[in-house]
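What follows is a short report on a single structure.
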Amino acid sequence: MFFWLAAGAANAASMPADYSEESPKVRELLTQADVLAGELDDPDKGWSVAKLYCTASRLGSAEAQYRLGMQYAFGKGVPENREQAAALFQVAAHQGHFQAQNMLETINLQQADKLPQCVLAEVLPEKLPPRSSIRSELEPEITRIERYVETLPKSRRWVVEMVRSLSDWYGIDPNFALSVIAVESNFSPEALSNKDAMGLMQLIPATAERFNVKNAFDATQNIKGGLKYLRWLLSYFKGDVQLVAAAYNAGERAVDRYKGVPPYPETRNYVKRVMEFYQRASHPYEENLVMPSPVVLKKG
């Protein structure tokens, strides 16, 4: 169960919701949705919730617009569509919905004007197509990190789903992010190192502040901060995965100073473990995000 989506976006029935500012009809719709909000991973129930939110959104409910946006953002009951999600967040944010504003900043799309048809007219929302459980012969063989996450207990599998959902927003291969998390914290949101590195992606206080993470033990904030740092490092080291992993562990200045992976035993072991999980030497990167490191400029 993708519990952070249900709890944060759908106010699952176990969490008391205050609908006192809503109209009677909207209160009824949101209350009905709460009954199913804990089962958004079920495509049929997720779609049923989306139908309720579509109706409430047409009636002007910012809360319904935000929740429906979350469903489109993460493909719960409806097909994943970030443009439509952003449009819903934008409409809700204009009404003062704080969480919608935060999500709008996270998605960071230039155009957000494609509202779902079910919000514009009395039609049913699109339905999430069924997923095939059979791996295509054209797909690559399952990777080492994919095999590893399949062994995780159910209590930690939600992290995998969250990372896979958020990674695409930052242009990061989810398997790379998962490899880093596996080595950093072994998927424990409460992890704390003796150097005060915190949470799933083990953000030190300076890195958390650098990427605007207010609570590094909040899984969503932590992953977003870690993904932002990985995106920055990938641009800085022009997609060199070994250098990015080394910098994530020891800092980019150390990599620059040693003109490669620093000779620290901890960092060398860290890079080795990440590479064993990820099994790729390069990763796509954004050309103009930051000036490249002198290390990669020299190589070029």
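Computed from a predicted structure; not experimentally measured.
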> For Ala247 and Leu233, which heavy atoms make the closest approach, and how far apart are they?
Replying inline: CB-CD2, 3.7 Å

>> Set out, in order, the CA-CA distance, both residues' side-chain angles and the distance that settles salt bridge (Lys or Arg N to Asp or Glu O under 4.0 Å) for Lys195 and Glu266, then state yes or no.
In response: CA-CA 13 Å; Lys195 297 180 181 178; Glu266 176 191 325; 3.5 Å; yes

> What are the two closest heavy atoms between Leu227 and Ala177, and how far apart are they?
Replying inline: CD2-CB, 3.7 Å

> Between Thr143 and Tyr148, does a side-chain contact (heavy atoms from CB on, under 4.5 Å) hold up when you go through it step by step?
Replying inline: CA-CA 9 Å; Thr143 63; Tyr148 182 75; over 6 Å; no

> Under a 4.5 Å cut-off applied to non-hydrogen side-chain atoms, are Val78 and Leu128 in contact?
Replying inline: no

>> Using only atom types and a distance under 3.5 Å, with no angle test, would you say the side chain of Gln202 pairs donor to acceptor with the backbone of Ser185?
In response: no

>> Checking Leu152 against Val149 for the side-chain contact (heavy atoms from CB on, under 4.5 Å) test, could you report, in this order, the C-alpha distance in whole Å, the side-chain angles of both residues, the deciding distance, and whether it holds?
In response: CA-CA 5 Å; Leu152 291 173; Val149 299; 4.1 Å; yes

> Which value, rounded to the nearest 0.5 Å, describes the distance between Cys54 atom SG and Leu68 atom CG?
Replying inline: 4.5 Å

>> If you define the side chain from C-beta out and look only at heavy atoms, does anything of Pro116 sit under 4.5 Å from Tyr53?
In response: no

> Are Val26 and Glu63 close enough, and set up right, to give a side-chain contact (heavy atoms from CB on, under 4.5 Å), and what steps lead you there?
Replying inline: CA-CA 10 Å; Val26 169; Glu63 181 65 20; over 6 Å; no

>> Pair Asn249, Val271 - check side-chain contact (heavy atoms from CB on, under 4.5 Å), show working.
In response: CA-CA 8 Å; Asn249 177 261; Val271 172; over 6 Å; no

>> Would you say that Leu178 contacts Phe277 through its side chain, given a criterion of any heavy-atom pair below 4.5 Å between the two side chains?
In response: no

>> Between Asp173 and Tyr278, do the side chains contain a donor N or O and an acceptor N or O under 3.5 Å apart?
In response: yes

> Please walk me through it: do Lys76 and Glu161 pass salt bridge (Lys or Arg N to Asp or Glu O under 4.0 Å)?
Replying inline: CA-CA 12 Å; Lys76 298 297 175 180; Glu161 189 170 358; 2.2 Å; yes

> Taking Ser167 for the side chain and Val163 for the main chain, is one N or O donor matched with an acceptor at less than 3.5 Å?
Replying inline: yes

> Would a 4.5 Å heavy-atom cut-off, applied to side chains only, mark Asp196 and Pro205 as touching?
Replying inline: yes

>> Quick check: do Arg144 and Gln279 have side-chain heavy atoms less than 4.5 Å from each other?
In response: yes

> Side-chain heavy atoms under 4.5 angstrom apart, residues restricted to Ile, Leu, Val, Met, Phe, Trp, Tyr: same cluster for Leu120 and Tyr72?
Replying inline: yes

> More than 12 foreign heavy atoms under 6.0 Å from CD of Glu276: is that the case here?
Replying inline: yes

> With respect to Ser61, which candidate in Arg67, Glu22, His97 satisfies the side-chain hydrogen bond (donor to acceptor under 3.5 Å, both in side chains) definition?
Replying inline: Glu22

> For the residue pair Glu122 and Arg58, what are the closest heavy atoms and their distance?
Replying inline: CG-NH2, 3.5 Å

>> Would you compute the distance between atom OG of Ser188 and atom CD1 of Ile181 and round it to the nearest 0.5 angstrom?
In response: 11.5 Å

>> Counting C-beta onward and ignoring hydrogens, is there a side-chain heavy-atom pair between Lys51 and Pro125 closer than 4.5 Å?
In response: yes

>> Looking at every heavy atom in both Gly69 and Ala85, which two are closest together, and how far apart are they?
In response: O-CB, 3.3 Å

>> For the CG atom of Leu203 and the CZ atom of Arg210, what is their distance to the nearest 0.5 Å?
In response: 11.0 Å

>> Taking side-chain contact (heavy atoms from CB on, under 4.5 Å) as the criterion, tell me which of Val213, Leu192, Ile204 meets it with Met198.
In response: Leu192

> Do you see a donor-acceptor pair shorter than 3.5 Å between the side chains of Ser235 and Glu287?
Replying inline: no

>> For Trp169 together with Phe74, are the ring centres under 6.0 Å from each other?
In response: yes

> Taking side chain as C-beta onward, heavy atoms only, is Val49 less than 4.5 Å from Gln32?
Replying inline: no

> Closest approach of Thr267 and Ala250, non-hydrogen atoms and distance?
Replying inline: OG1-CB, 3.6 Å

>> Between Asp34 and Tyr19, is the side-chain hydrogen bond (donor to acceptor under 3.5 Å, both in side chains) condition met? List the steps.
In response: CA-CA 12 Å; Asp34 282 347; Tyr19 303 139; 2.5 Å; yes

> Can any side-chain N or O of Gln90 pair as donor or acceptor with the backbone N or O of Ala87 at less than 3.5 Å?
Replying inline: no

>> Let me check something: do Val255 and Tyr258 share a hydrophobic cluster, defined by ILVMFWY side-chain heavy atoms less than 4.5 Å apart, either directly or through other members?
In response: no

> Do the side-chain N and O atoms of Lys224 and Asn222 include a donor-acceptor pair separated by under 3.5 angstrom?
Replying inline: no

> Rounded to the nearest 0.5 Å, how far apart are CD of Gln117 and CD of Gln84?
Replying inline: 8.5 Å

> Would Leu200 and Phe217 show up in the same hydrophobic cluster when neighbours are defined by side-chain heavy atoms closer than 4.5 Å?
Replying inline: no

> Any idea which heavy atoms bring Leu36 and Ser48 closest together, and the distance?
Replying inline: CD1-CB, 3.9 Å

>> Is it the case that the side chains of Tyr285 and Asp240 hold a donor-acceptor pair, with the cut-off being a distance below 3.5 Å and no angle test?
In response: no

>> Is the ring pair Tyr248/Tyr270 parallel, tilted or perpendicular, if the boundaries are 30 and 60 degrees?
In response: parallel

> Does the side chain of Tyr170 pick up a donor-acceptor pair with the side chain of Arg231 at under 3.5 Å?
Replying inline: no

>> Within a 6.0 Å radius of atom CZ on Arg156, are there more than 12 heavy atoms belonging to other residues, nucleotides or ligands?
In response: yes

> For the atom pair CZ (Phe176) and NE2 (His283), what is the distance rounded to the nearest 0.5 Å?
Replying inline: 6.5 Å

>> Is a donor from one side chain sitting under 3.5 angstrom from an acceptor on the other, for Gln65 and Gln95?
In response: yes

> Does the side chain of Asp256 reach to within under 4.5 Å of the side chain of Phe237, using non-hydrogen atoms?
Replying inline: yes

> Are Lys228 and Trp232 in a cation-pi setup, meaning NZ or CZ lies under 6.0 angstrom from the ring centre and within 45 degrees of the ring axis?
Replying inline: no

> Side chains of Glu252 and Tyr229: do they bring a donor and an acceptor to under 3.5 Å?
Replying inline: yes

>> Nearest 0.5 angstrom please: Arg27 CZ to Leu29 CG, how far?
In response: 11.5 Å

> Do the side chains of Val119 and Leu59 join up, straight or via other hydrophobic residues, at under 4.5 Å, putting them in one cluster?
Replying inline: yes

> If you measure only the distance, is there a donor-acceptor pair under 3.5 Å linking the side chains of Tyr66 and Gln101?
Replying inline: no

>> Does Phe98, at its CZ atom, have more than 12 non-hydrogen atoms belonging to other residues, nucleotides or ligands within less than 6.0 Å?
In response: no

>> Does Glu28 form a side-chain hydrogen bond (donor to acceptor under 3.5 Å, both in side chains) with Thr31? I'd like the steps, not just the answer.
In response: CA-CA 5 Å; Glu28 179 185 348; Thr31 301; over 6 Å; no

